[in-house]
Structure formats: C-alpha cells, structure tokens
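Both counts, for ligands and for their atoms, begin at 1 and track the order of listing.
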Amino acid sequence: MRDRPEGTRLSTNFGTRVGDTDNSLRVGERGPTLLEDFHFREKITHFDHERIPERVVHARGAGAHGYFQPYASLAAYTTADFLQDPARRTPVFVRFSTVGGSRGSADTVRDVRGFATKFYTREGNYDLVGNNFPVFFIQDAIKFPDFVHAVKPEPDNEIPQASSAHDTFWDFVSLQPETLHTVMWLMSDRALPRSYRMMPGFGVHTFRFVNSEGRGTLVKFHWRPMLGTHCLVWDECQKIAGKDPDYNRRDLWDAIASGNYPTYELGVQMVPEEDEFTFDFDLLDATKIIPEEVVPVQPIGKMVLNRNPDNFFAETEQVAFHTAHVVPGIDFTNDPLLQGRNFSYLDTQLIRLGGPNFEQLPINRPVAEVRNNQRDGYGQHRIHPGTTSYSPNTLGAGCPAVVAGAGAYAHRQERVEGSTIRKRSESFQDHYSQPTLFWNSMVGWEKDHTVAAFRFELGKVAHPEVRRRTVAELGKIDHVLATRVAQGLGLEPPPAPEGGRPVNHARTSAALSLTAQGAGSTATRKVALLVGDGVDAGQVRAITEALTVTGAVPEVLAARDGAVLAAGGGELEVDRAMSTMASVLYDAVCVPGGEESTQALLDDGLAAHYVAEAFKHGKAVGAVGSGVAFVRGLDLPGVRLADGEEVCSHRGVVTAGAVPGGFAGAFLEALAAHRHWDRDTDRVAA
Ligand code: HDE
C-alpha cells in the first residue's frame, strides 16, 4: 500500500479539494483568522499530533526490507514452515538500533545495537528480537527498569545523552556483578560497529525448536554478516558523532540504494534437551554464551536486505517487534529474562502505537490470514460484518473455527513443579568465569582498547567510591585488567590474588576475538584520494579502477568541489570538497602523485590531518610518486616508506614510486585487513 502523490490534487483529509494552502482565512487582508477555516484547523491539528512517543529503549533505528532463505530443510528439528524448503524466500523487515540514546542521537556511540528481524511467514509473523552481543546485562526481567534507569541520562539534568560514561551506570554495574560479562563486551570494540552490514546479531536467550514428533531441541540464534565483523575505534566514533551523526544509518541506506545488499547467515547452536545440564553454567541464564568450541554454530540460511523503506515513520518507526510473536515449531524456555520480555513488548506497543490495533499497521500486518473475535479499539481499520464476535457460536456458523492441530500453535508440554519463590537459582551465581573467558580471548590490541574504554568511562565518574568498587570487581575478572584500569585512574590496584584459587581460569575461546570474525574484504570500503591542481590523473584513474573492480568505493577529494587541473593538461573531476568530509568517514586514505598537487596538499593542513588521523586509527594509507614525499613529511612513527620506484608495504602503509606493478594489489590487501594495530600510534598528533 503506497500513497503516491503523482498526478493528484491537494485535498483535506475528507477529500475536499483545496485551492489555497498558503493563506489562512481572515477578515480583510490584515484582520484576524477565522475559526471557520476548516483546512487551516485540520492542517495544524494534524501537525500538532505528528509525533508518537519514542521507544523507551532502542529509540534510534534504521530499517530495511529483504528476504530469508534456508539452505536446507530443518524438519528434523522444527516444524517452522519458513525453515522447511530451501526454495522458499520469506520476506523480512529488519530494524537495527542503538539502545540508550534518543531518536535524534548519534549512531556511533558506545552502546549495544539492536538487531530485530520480523519474518512474514505463511504461519504468521515470527520476530527474532536480538542484539549484536550474545549476552545481556541482567538475568531477570524485573531488573530491567533499574538497569535502563541507570544507563539512561541522569534524571535531574538529562545528561549525558547516549552514553554509559556516567555515575549512575557504573554505580549500578559495581553493585550488580551479573552485568560484568556484557559490560566487558560493551567496553570492547564490539560496541562500535563499523557498519550494520558488518555486525553480527544474536537471539541471546536459549529458545526451543520443536519437531513434528514434539521433540524439543534447545537453540541459540546467531546472525553472521557475510562481510565479516568490523569495528571502529573510540576516538573515531566520537569524531564521527559530530561529522556525520547518521553514519551507520546512511551507510545502510547507501549500500542498499547502490545494490550492495547486506547479507547475513543465520546460524544455530543446538543442544539436545537431554544435554541441558551438561554445562558449567545454566542455559537459562542470558548472561552466558555457549562457547563455539563446545557447541559449533551451524549455518542454516541466509538473509539479504535489498530494499530501503519508502517512509521512515510508517515503517521503521511503526514496526512493532515482540518476542512472543512465534510460529509453530519455535518455543520459549524458562529464561526469566525472556519470560519478562514476552510481557513487555506487547505492553510497550500499546502505549507507543496508541492502542491494541497496531498489528493492522501495514508494516506489522502478517501475510498469514488474521481472523478472530477481537473488536473495536482505537484505530480499528477492519470492518467486521455480522453479529457474532464470540466463540463458541452457531449464529456465525461457528467461525472463525477453533481447530487444534492442523498448523495451530501448540505450546510444548513441560512438567513444572515448585513453590512460589523469589530466588535466583544457584546455577545463575557465577558472574566472573565468562567475563574472564572474554578477556583471555582478546588479542593485545583488543585488550588495549578495552582498558582504554574502562579508563575513559570511569574517568567520567565523579564518585571515587564508584570507581573503586568497579575496579575491585574487575579484579575478580583478571588482575592485570584491574591493575591497568586502576593505573589510568590513579587508583591503588586491587591486591594480587594470593595462593589458593587463582582468579583467572586461563581458559580461552578463539572465536571470541575480533581477529576471528570473518575474512577481510575490500567490498564497499570507502577510500579517500587526496588531490590538488597538477595531480597525475593517470595514477588517480589506475588506483580508482583497481579499487572499483574489487567493490571498493574511491572518492576524489580536493580543497574545493568541482575539478582540479591535471598535470599535462585536462581536468580531473572532484567528488567532494575535503572540508565537507573527514578521514574518519573513510576506511583508507591515498595520496596520488603530481609535484604541484603534492605541494598544494603540503600547504593544506587538512590534507596532512586526513593522513595522520587515518594512520592513527589503524587504517590503510597509500601514496604514489610525489605523494610518498607528502607522507614522509608527516613523520609517521616506525613505518618504512618506498625509496625510488619500489613498492613498499609496511604496517598498512603502502607506498610506491609509480602505480603500475604491485601498488594496487598491496594497497587492496592493506585495505582488506581493515585495521593495522602493529603501529605505534600514541605519538601521532591527530
Ligand atoms: Fe528489549 N525492549 N527488553 N531486549 N529490545 C524493547 O520494545 C525489554 C532485551 C531489543 O527495533 C522495547 O518495542 C525487557 C534483550 C531490541 O523496535 C521494550 C528486557 C534483547 C529492541 C523492551 C529486554 C533486547 C528492544 C522498547 C529485559 C536482545 C528494539 C520498544 C527482560 C536479545 C526493537 C519496544 C525495535 C526493544 C523490553 C532485554 C532486544 C521496552 C523488559 C535481552 C532489538 O519492550
């Protein structure tokens, strides 16, 4: 249903054509406006009511349409219709989001990201409402309001926006050790996705597949981006938040608009029900992962996002996800966080979307038939003829008929016994082993970034006792971690563990490191080529071509928009003025040659800043011909540069006397590697 304006005439909401929408009806040219002006009143009234409440969490989002297709039938595990036939494509709508910030906040904040998928299956909508971390901050839904109040801006002055770097968040964390595992993920670069297209998703909870024999299999869902998982760094994020606050949203939109469709593989970790108690943690505890080395992730299908929404409000804003939107063959477990979510999502949509008929909004409408005796309410769009709106009935021929079996959802039967009790199970009590596992599994630069994040966040905390309590908690994860954070904060490190039980169990899971998250690719990577008058246009063309062939996106930047003069005559078109962009908006920077062009760049501090900053952020840097002299002038620490005609690739800095030969290949390789952390970046002033 699309309401297109082409060839139409302006009317009121009741269909009366309007001849003037610029002047309200008044008494004489300078007199008062008349109440009689129904068009004026309707227009203003509608405008006054244009806003709906933003989501209490996940307010800022970006959506996309696409489809999901399984690789093979999963009939052995589940009856879910959309997982049976590898030939069937099920339409989907996905909404990515940040969690803490308001609707207008920046994209590149340190935060968890939502990854919510609505599958419009023939058996009704199935919503997989996940995040980009596999774990959550709390174990029981009753703590959710406390957690969210702690992380949201502080209530007296509503500061800070979209940031966990403040006292109330860390006060809560330091008192609530179950948060620590997810806090470790939050302080890692995982909280800074380069792109929604390069970000994983997780169902977090243990769900249950049920097959046609009623046999259950416990299941964890994983979305894996086909471009690999890649992240930004914190300094870059803070700058992007000013240079382009819509960075991730724009990236998603532009990629889809240009035919670079984001693709993800859906994977599952499956555990037979009889093995539920074979782990050293509880599968019902959402603060735990199942290490992939213990239960591998099996790919079961892929999702392609191939269409941008037509209208942000109608689709991305009004879409309503709900963990209880399940289809036959997918069931819940008793995870107390999931049980609470099954209440919360419907409840929140009732207020956010203004009543019980939000399922009739186009973006929420199932493709499966909807028939029931629910009636009336705000925004009712259906006209139900007849006299019966109850069941059982004979006057309406017993319809809609209630038939068990035959595709009806059947809750899996589970025997449950126990006393009513407010108590967390003993099996939920170990809050430190998995944060330690995560810490141990990171490589050096990941640990460095994580320590820096703790120092930054706690450095913003005003209450010394909150800082101290948090560092003490970190000491229970790993002594080195706590010591390094304490040093940054000028605090006494917690005492080293003495004899007895060492704090760190020394276990690792290689799959947890960012270095294990998918092969590098140059596809859709953005590269800034810095040029001035007198540039060697042949070099620019050769580099541009080599990049474009592999799917990278080169852009020519100069001091001004328009064109620059090429060495030896002619012009080279410029894509953007350097001042309208920044190195943080690119994945790599390259300086082609041309004596005059190099001189122009040397005279422009902005050009030097582009290269130095890209270097500092670990990005590939390239230079050719006289461009090498430009890079040499920046005195980048610890990097070898080309001398003469040779091609030199060192720590992601690729230089060459001329383009032909190995430059393009070496530069593409450096670009595909995403970042180069074997550099000494501390001394770079950028
Ligand atoms: Fe949510 N969450 N959540 N959450 N959540 C909402 O529902 C809630 C949790 C997630 O793009 C709200 O429609 C409770 C885990 C996503 O529209 C609300 C608990 C995970 C989105 C809500 C959790 C999520 C939401 C706010 C603790 C990852 C955005 C607006 C028990 C598995 C969906 C809304 C979108 C949104 C409640 C914890 C993911 C208030 C009570 C764990 C991706 O209902």
Exercise for the section: Would you check, one step at a time, whether the test side-chain hydrogen bond (donor to acceptor under 3.5 Å, both in side chains) holds for N260 with T524? Expected result: CA-CA 7 Å; N260 289 312; T524 74; 5.9 Å; no

Exercise for the section: Name the orientation class of the two ring planes belonging to F136 and F144 (parallel below 30°, tilted from 30 to 60°, perpendicular beyond 60°). Expected result: tilted

Exercise for the section: Look at the aromatic rings of Y409 and H411 and report parallel, tilted or perpendicular, splitting at 30° and 60°. Expected result: perpendicular

Exercise for the section: Can you sort out the partners of R110 under side chain to side chain donor-acceptor pair (under 3.5 Å), two or more places apart, ordered by chain and number? Expected result: none

Practice task
Over 60° means perpendicular and under 30° means parallel, so classify the ring planes of F133 and W185, tilted if in between.
Solution key: tilted

Exercise for the section: Examine K118 relative to F321 and say whether NZ or CZ is less than 6.0 Å from the centre of the six-membered ring and inside a 45° cone about the ring axis. Expected result: yes

Exercise for the section: Please write down residue, atom name and distance for the protein heavy atom closest to atom 11 (O) of ligand 1. Expected result: R95 NH1, 2.6 Å

Problem - Close-contact set for ligand 1 against G203 heavy atoms, below 4.0 Å - result: 32 (C)

Problem - For A141, atoms of ligand 1 separated by under 4.0 Å from a heavy atom - result: 31 (C)

Handout entry: Whether F147 and F169 hold their rings parallel, tilted or perpendicular, with breakpoints at 30° and 60°
Key = perpendicular

Practice task
Measure the acute angle between the ring planes of F119 and F82, then classify it against the limits of 30° and 60° as parallel, tilted or perpendicular.
Solution key: tilted

Exercise for the section: Please indicate whether any nitrogen or oxygen in T348 is less than 3.5 Å from any nitrogen or oxygen in ligand 1. Expected result: no

Exercise for the section: Report the relative orientation of the aromatic rings in W223 and Y264; use parallel for angles under 30°, tilted for 30 to 60°, perpendicular for over 60°. Expected result: perpendicular

Completion exercise
Listing protein N, O or S under 2.8 Å around atom 1 (Fe) of ligand 1 gives Y345 OH

Handout entry: Geometric N/O contact N131 with ligand 1, under 3.5 angstrom
Key = no

Exercise for the section: Using a 4.5 Å cut-off on heavy atoms from C-beta on, say whether the side chain of L192 contacts that of T108. Expected result: no

Completion exercise
shortest atom 17 (O) of ligand 1-to-protein heavy-atom contact is with R55 NE, 2.7 Å

Exercise for the section: Could you tell me the residue and atom name of the protein heavy atom closest to atom 38 (C) of ligand 1, and the distance to it rounded to 0.1 Å? Expected result: F136 CZ, 3.6 Å

Completion exercise
Within 4.0 Å of some non-hydrogen atom of Q349, the atoms of ligand 1 are 13 (O), 34 (C)

Fill in the blank from the handout: L338 and T323 have their tightest heavy-atom pair at CD1-CB, 4.2 Å

Practice task
Could you tell me the residue and atom name of the protein heavy atom closest to atom 33 (C) of ligand 1, and the distance to it rounded to 0.1 Å?
Solution key: F321 CD1, 3.8 Å

Problem - Identity and separation of the nearest protein heavy atom to atom 43 (C) of ligand 1 - result: G130 O, 3.1 Å

